[in-house]
Amino acid sequence: MTEKNTPLWEVFIRSRTGMAHRHCGSVHAADEEMALQAARDVYTRRGEGVSIWVVPSSAIVASDPSEKDVMFEPTASKIYRHPTFYEIPEEVGNM
Amino acid sequence: MYTQALNARDASDERSEDAALLAAFQARVDAEEKIEPNDWMPEAYRKTLVRQISQHAHSEIVGMLPEGNWITRAPTLKRKAALLAKVQDEGGHGLYLYSAAETLGVSREELTEQLLSSKAKYSSIFNYPTLTWADIGAIGWLVDGAAIMNQIPLCRCSFGPYSRAMIRVCKEESFHQRQGYELLLEMCRSSEEQKEMVQDALNRWWWPSLMMFGPSDTDSKHSAQSMAWKIKRFTNDELRQKFVDATVPQAHYLGLTLPDPDLKFNEDTGHWEYGEIDWEEFARVVAGNGPCNRERLAARRKAFDEGAWVREAALAYAEKRRNRREAARIAAE
């Protein structure tokens, strides 16, 4: 094959107004316009979305899963960040 | 199912990998954690998945051909619209699956090349011809029915991208089976001749549909490892039995006879017992000598070759626009 590889794009879809765009998959396309069209055909054949984002896959920066502990563990011990850490007398009512 | 050819073990995978990593990996799988593309995984797990997911993807793509054959000859506009939508879905399913395989580090171009050069297999079922309109109904009912039976447990596969693709596919595929059965029901109720056409389609598609589940458990070398890795949840024979149990009463409802003189209901087990599958036919079709193997591959190669100029033009146009934007940006500075 003499051809260059067709770039990969990540697809994000907003399922309803008011919801966030959510990653749903990827498509190959030569440019952004074709990526949007391909994403529409591949991921919204049954009214799954009201808006699509496509992002070049090469532009995504990801955390390293093997450094998951270093990255996220420090929050596990900070239970004072949660409302249930604080005691409020029942008489005060819902807070 | 779509991975009927996964029966040769690859000796190079047996090399030793870090025992601690392997144990940690198996523990995650056992705890029903999903494995994601960037997580550490045994090389054999990666290879098995690349082969399984890509064969599944190829099956979806080649599966468009036998049905595409009837789009222009559908008897009504309603049936034509349904068939078009179904074939488009199969294309979409192929794309979800290629994307899932690509997360494992193989490129779309490599996968396409493997299909076109016959290095990769696809499901044996798509090497049978669609001779009459009833075959379109039979494919929806039996072939998609068998596929759903196989794909529902794959929704719980340990590899995240594959499992997520399967959830999407299963959501969409139910319509495929229902439109097929409804179409056959309409034919069976309309005239004796049409009912005979349906019976003829069932006679031709029944056994190949049972073969879709792959070799029997005694001959399936990969099953045990795939089960331990939670890629597979049920063995080939278990899934085949579920399919037979679900499908036989549906055939009876249509007033049809299954082409198996040994088929009988076992009151004690509650299962339908079926006759011996012709494994020689299965081996022949998987090896490339079924009724339509050459025709299917020729059609895929033709589509690929004749689409080359489109892919090249799209990339050239994208590059030209990129260069123009770049020049405009420099000029503005």
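Below, each value reflects all heavy atoms present in this structure, side chains not excepted, and no hydrogens, waters or symmetry copies. We name chains A, B, ... by the order of the sequence lines, and we start the count at 1 in each one.
Taking the six-membered ring for Trp and the full ring otherwise, the centers of A:His28 and B:Tyr98 sit at least 6.0 Å from each other. Residues A:Tyr43 and B:Tyr96 place their aromatic rings such that the two centres sit under 6.0 Å apart.
Contacts between B:Glu319 and chain A at a heavy-atom distance below 4.5 Å involve the side chain alone, from C-beta outward. Residue B:Arg164: no heavy atom, backbone or side chain, is found under 4.5 Å from chain A. Proximity to chain B (any heavy atom under 4.5 Å) is shown, for A:Ser66, by neither the backbone nor the side chain. For a residue to count as touching a neighbouring chain, one of its non-hydrogen atoms must lie under 4.5 Å from one of that chain's; by this rule B:Glu36 does not touch chain A.
With chain B as partner, the option from A:Arg46, A:Glu48, A:Met34 having the largest number of non-hydrogen pairs under 4.5 angstrom is A:Arg46.
Below 30°, between 30° and 60°, or above 60°: for B:Tyr45 and B:Trp229 the angle between ring planes is above 60°, a perpendicular geometry. Using a 30° and 60° split on the angle between ring planes, A:Phe12 and A:Trp53 fall in the tilted class, from 30° to 60°.
Using modelled atom types, one finds no donor on one side chain facing an acceptor on the other under 3.5 Å when comparing B:Glu109 with B:Thr112.
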